[in-house]
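Worksheet: the structure to be examined is printed underneath.
Chain naming here is simple, since letters A, B, ... match the order of the sequence lines and numbering starts at 1 in each.
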Amino acid sequence: MSSNVRVRFAPSPTGYLHIGGARTALFNWLFARYNKGVFLLRIEDTDQQRSTEEATQAILDSMKWLGLDWDEGPYFQSQRLAIYKQYAEKLIEQGKAFYDTDAEGRKAIRFKMQDGITEINDLIHGTITFDASLIEDFVILKADGFPTYNFACVVDDADMGITHIIRGDDHISNTPKQIALYKAFGFKMPEFAHIPMILGEDGSRLSKRHGATSVTEYRDRGYLPHALVNFLALLGWSPGNDQEIISITEMIEKFTLKRVNKTSAQFNNIKLDWMNGQYIKSTPVEQLTIDTKRFFEKSGIDMTNIPQAWLTNLVMLYHERFKTFQDLLDQTRFLFTDAIEYDRAAVDKFLKKEGVVELLKEVYSAISLVDNFDKKNMEDSLRALTVKIDVSFSRLAQPLRVSITGKSVSAGIFETMELLGKEKALKRLGYTIQNLCEISETIKL
RNA sequence: GCCCCCAUCGUCUAGUGGCCCAGGAUGCCAGGUUCUCAGCCUGGAGACAGGGGUUCAAAUCCCCUUGGGGGUACCA
């Protein structure tokens, strides 16, 4: 059974798909899917100066990446100019609009606002009232023949049979103008639902200075689309229980406008990271391996000679340890290059110490004797060494970790060495020992 | 300036007059597991913006103040 619910997402192609726009699209999409209605996409490219084709493409790509498929469209307002002109002229004929010339001599059509009280019956906010006499006679058709936002929006929503207008609450103040237009045309009034906006982490309007604000940026930083969708869904909506991780299917089953709140929400990257980590953990290794390969390649890592099994091992080893693919790359970069960077603090703390050179020499000779260079043999060998020279394991592990990874933090040392391979592990150890010996005071590491 | 919206832990939220001296998540702190870190487990600190009402009873209803956000374009 399909309902007659028809909703739309109507972005203007003046930039990438914004996080706030994505959430608006998501809510419309969820509403349509819950109601077995139609979700359509309309590109509002009526600003000839600012609209670009690249932006349109980026928006479409982001929608697809998020999994927000549309049933109709995309429609382009720039291709419907004749329709708007016709409707504007109709208003002129009825005396509800008039031609107006501004100081620069540009001739446009303005809509004549009638005085009175306008009521919006908002599905989220309840009744909102405006005094229409405070609203000026606004332009509906610009000098260049293009419609303005409020006009094109109403004509299209009516023409496309939109039943529910779900959009950001920054549009609340546009609504009385649009309602006046609906009435002037005698169009059937849709339902309005103004959802709260998403603010930056400091509570101000989300903008470039807050860092990543577009879906594209999150994709490029190695986030999973479902994690982003999950996170966005919980900004302003909740399933009504304590559930945090919620599948798309469940969202569709539970999505109602009644459970959308009125309060604007601040974006929180920390929680998004946590959520992405949760999704990473529940994604099968096989899939993650594919994603990892693709991400690393795009990041400029040469993956041509990397064996599939090796990469799978890497992903398994880090499965519980990384939150985004960028994070994984940062953590494992030392495996892909010989030009590793040594962390200053780690070197000072674990390498520039009494007896470390001797210790590392022992380690060097011990592991050079390990034939089958796997974590099991490595562990047997090094555990035996700690007993032989009577040191705690952590006293051995940390200097070793720093000399082969450059950092004091890594995955398990045996597994890490196995991934690195005997040749490289010994090379790095040798390099460290040599440098520590050569300069006792000014170590160049 | 004028108009409109909003107001629960730092953040996201549950809560729709008694079940709330307010629950969950994240982040933070402490302990445990441990070769480091992460993860995982256990515990902890942390909020109803303020002031008036209404009511036997208010986080929940009303008013004011304050704070935040939005609009006020031939942008969308």
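- Among the protein residues, A:Gly277 comes within range of no part of the nucleic acid, since none of its heavy atoms lies under 4.0 Å from any strand.
- In this structure, A:Thr46 reaches the B:A76 phosphate: one of its side-chain N or O atoms is under 4.0 Å from OP1 or OP2.
- For B:G46 and B:U26, the C1' atoms lie 13 Å apart once the distance is rounded to whole Å.
- Rounded to whole Å, the P atom of B:G39 lies 22 Å from the corresponding atom of B:A45.
- Side-chain atoms of A:Thr175 and A:His194 form a donor-acceptor pair, as typed in the model, at a separation below 3.5 Å.
- Backbone-only engagement by A:Glu136 is indicated by non-hydrogen atom pairs under 4.0 Å involving sugar-phosphate atoms exclusively.
- If you check every strand for non-hydrogen atoms under 4.0 Å, A:Ala143 touches a base.
- Only the C1' atoms considered, B:C61 is 10 Å distant from B:U16, to the nearest whole Å.
- A:Lys271 has no side-chain polar atom (N or O) that falls below the 4.0 Å cut-off from OP1 or OP2 of B:G27.
- The local environment of NZ in A:Lys85 is sparse, with at most 12 non-hydrogen atoms from other residues, nucleotides or ligands closer than 6.0 Å.
- When the C1' atom is compared between B:G71 and B:A58, the two are found 34 Å apart, to the nearest whole Å.
- Within the nucleic acid shown, A:Ala152 has no heavy atom closer than 4.0 Å to any nucleic acid atom.
- Between the P atoms of B:A49 and B:G43, the separation comes to 29 Å (whole Å).
- Taking the C1' atom of each, B:U36 and B:G44 are spaced 26 Å apart, rounded to whole Å.
- In this structure, the NE2 atom of A:His319 is 19 Å from the P atom of B:A38, given to the nearest Å.
- Among the atoms of the strands shown, only primed sugar atoms or phosphate atoms (P, OP1, OP2) are found under 4.0 Å from some heavy atom of A:Thr129.
- Distances shown here put a side-chain N or O of A:Ser238 below 4.0 Å from the OP1 or OP2 atom of B:A14.
- As judged by a 4.0 angstrom heavy-atom cut-off over every strand, A:Phe130 is placed among residues touching the sugar-phosphate backbone only.
- Between A:Gln398 and B:U34 there is no side-chain N or O to OP1 or OP2 distance below 4.0 Å.
- Residue A:Asp102 places a side-chain atom within donor-acceptor reach of the base of B:C74, judged by atom type and a 3.5 Å distance cut-off alone.
- Salt-bridge annotation for A:Arg42 and A:Asp157: present, with a side-chain N of the basic residue lying under 4.0 Å from a carboxylate O of the acidic one.
- Between B:A76 and A:Lys142, a contact under 4.0 Å exists linking OP1 or OP2 to a side-chain N or O.
- A:Glu244 comes within 4.0 angstrom of a nucleotide base, judged by non-hydrogen atoms across all strands.
- For the OP1/OP2 pair of B:C35 and a distance below 4.0 Å, the side-chain nitrogens and oxygens of A:Arg401 include no atom meeting the criterion.
- Using a 4.0 Å heavy-atom cutoff across all strands shown, A:Gln77 reaches no nucleic acid atom at all.
- Per the geometry, CG belonging to A:Leu272 stands 14 Å off P belonging to B:U13, to the nearest Å.
- Note on A:Arg167: every side-chain N or O is 4.0 Å or more away from OP1 and OP2 of B:A76.
- Side-chain N/O atoms of A:Arg221 and A:Thr324 include no donor and acceptor closer than 3.5 Å.
- At B:G71, one or more side-chain N or O atoms of A:Arg205 fall inside 4.0 Å of OP1 or OP2 (strictly under the cut-off).
- Taking a 6.0 Å sphere around CZ of A:Arg80, one finds it holds more than 12 heavy atoms contributed by other residues, nucleotides or ligands.
- Considering only side-chain N and O atoms, A:Arg110 lies under 4.0 angstrom from the phosphate OP1 or OP2 of B:C74.
- Distance CD (A:Gln49) to P (B:C74): 14 Å, rounded to an integer number of Å.
- Residue A:Ile128 is classed as a sugar-phosphate contact, given heavy-atom separations below 4.0 Å to backbone atoms only.
- Remark: the A:Asn174 side chain and the B:A76 base include a donor-acceptor N/O pair separated by less than 3.5 Å.
- At the heavy-atom level, A:Asp273 lies nowhere under 4.0 Å from the strands shown.
- Checking A:Asn276 against A:Asp273 by side-chain atom types alone, no donor-acceptor pair falls below 3.5 Å.
- Exactly one of A:Phe325, A:Phe231, A:Tyr223 qualifies for a ring-ring contact (aromatic ring centres under 6.0 Å, His included) with A:Tyr218. That residue is A:Tyr223.
- Nucleotides B:A38 and B:G32, compared at atom C1', are 16 Å apart to the nearest Å.
- Regarding contacts with the backbone of B:C6, a side-chain N or O of A:His125 is found under 4.0 angstrom from either OP1 or OP2.
- OP1 and OP2 of B:C12 both lie 4.0 Å or more from every side-chain N or O belonging to A:Arg23.
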